[in-house]
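Both backbone and side-chain heavy atoms feed into the values below; hydrogens, waters and symmetry mates do not. Counting convention: from 1, in listed order, for ligands and their atoms alike. Here, residue 1 is the first one in the sequence, and each next residue gets the next number.
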Amino acid sequence: MSGQANSSVTINLDGTNKSLTLPLLAGSIGPAVADIRKLYGNLGIFTYDPGYGETASCESKITYIDGDQGVLLYRGYPIEELAEHATFIEVAYLLLNGNLPNRAELAEFDQGVRRHTMLHEQLRRFFEGFRRDAHPMAVLCGVVGALSAFYHDSLDITNPEHRRISAFRLIAKVPTITAWAYKYAIGQPFVYPNNDLSYAENFLYMMNAVPAEPFKGSPVLSRAMDRILTLHADHEQNASTSTVRLAGSTGANPFACIAAGIASLWGPAHGGANEAVLKMLGEIGTVKAIPDFIARVKDRNSNVRLMGFGHRVYKNYDPRAKIMQRTCHEVLDELGIEDDPLLDLATELERIALQDDYFVSHKLYPNVDFYSGIILKAMGFPTSMFTALFAVARTVGWVSQWKEMIEDPLQRIGRPRQLYTGPLLRHYQPLEQRV
Ligand code: ACO
């Protein structure tokens, strides 16, 4: 629970004798927040914050970001330590339950996820309804939303056991759905999950195995995938997570809420950025063309952005980008790619941008997406799958945030206000009187 800070903020409404002292609430770290819940009732005004850049929409104990220092903590643990030492399934337990599991808790949780990896057999038919060239995110939105039509026995959000089973189902089934969306697109048979494999191994297996040949996974690539999943697992109240919370605040079932999160993640300003980075690198083409491209980014009339750079919260190096860069080298080494023109281009682009006044003064640094696309491409993922992969990882964050919200006694339906600038009251005119 938040505490009261030893301070407050007083608002005087100019031209009236009205004023209101707002309490400041202190979190465990980070800036205090002004509690404006009594603002309208006392002063008759709302606050205006498009994009919610200054607004805390909820209290949360899950993830903390210090954007100025480039710090990211899951339940208090630095992302660097988790990416180095923990498995994704440990991280999933941590995000959902608040603490790292002991051996017995981990075994039980891991088993719980593994036994839910299969899809209801009738869901196969859903895939066949899509065009072969459908974007995997379109398939994901549809099939994840459709889970609520198959798992009626876990839809009562007021029942903790239903919430627990839905969480397992979502975390376990989204990789299967994602891999099947890919198999469907390339015309290969669906590969059923193999529950002897770890989460990351199983996902790579369902993506890459074919019934006609034995499949041999690579421990380095599985480890890289596991780390990519950890790095993307949660990121506090970003657009897709806020979408999940907003949908969930109405009492909608968790499958519908996660489908809403997937839709929100799809955009190029959010999860679609890693796909956009590769497209951008392809368009730049060579190191020689970088200065020209940078000039276009800086031109206010061009609408061109350096994709994979900048972040609403990070005004410093995104800590995930550093780990991604290192993982990128490990993956390329494992695959025997000594010279990757895309990596050379990205490295040079980053070097030039970080020295450029425009990027320095706007505090634009590489974000997690700048290198993730290069790794995923090297691992054989087509660009169209990048955002879907992000959705696999983020499902655990969405589910954790959804669960936290449902269990929060202060939870109410999310319902922002607005600054109305439309027409004043006017009356209907019959068609013949309109000019
Ligand atoms: N390239 C060039 N200029 C940029 C970039 C960029 N990537 N990002 C921000 N800017 C500039 C803007 O033009 C603006 O400049 P101005 O003040 O001179 O007009 C200023 O920086 C602030 O930009 P906003 O769009 O207001 O910043 P906001 O916090 O709303 O946007 C965002 C954050 C959407 C991530 C933005 O930086 C961006 O579009 N980046 C590229 C897309 C990307 O990589 N997204 C991934 C985000 S991480 C994730 O979702 C996993």
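- In this comparison of His232, Lys298, Arg312, His311, the heavy atom closest to atom 28 (P) of ligand 1 sits on Arg312.
- Taking the six-membered ring for Trp, Phe88 and Phe203 have ring centres at least 6.0 Å apart.
- Residue Leu306 places at least one N or O, backbone or side chain, under 3.5 Å from an N or O of ligand 1.
- Listed by atom number, the atoms of ligand 1 under 4.0 Å from Phe390 heavy atoms are 51 (C).
- Across Arg320, Lys315, Arg305, His362, heavy-atom proximity to atom 25 (O) of ligand 1 is greatest for Arg305.
- For Arg300, the closest heavy-atom approach to ligand 1 falls below 4.0 Å.
- Contact check on Arg296 versus Asp299 returns no salt bridge, with no Lys/Arg side-chain nitrogen under 4.0 Å from an Asp/Glu carboxylate oxygen.
- Note: His116 and Tyr151 fail the aromatic proximity criterion, with ring centroids not under 6.0 Å apart.
- Between Arg227 and Glu330 there is a salt bridge, since a side-chain N of the basic residue sits under 4.0 Å from a carboxylate O of the acidic one.
- Not a single heavy atom of Phe370 sits less than 4.0 Å from an atom of ligand 1.
- Between Glu275 and Lys279 there is no salt bridge, since no side-chain nitrogen of the basic residue lies less than 4.0 Å from a carboxylate oxygen of the acidic one.
- A salt bridge links Arg163 with Glu407: at least one charged nitrogen is closer than 4.0 Å to a carboxylate oxygen.
- Here's the thing with Phe309: one of its N/O atoms is less than 3.5 angstrom from an N/O atom of ligand 1.
- Within a 4.0 Å radius of atom 39 (O) of ligand 1, the protein contributes one or more non-hydrogen atoms.
- Taking distance alone, with nitrogen or oxygen atoms compared against 3.5 Å, Ala269 approaches ligand 1 more closely than that limit.
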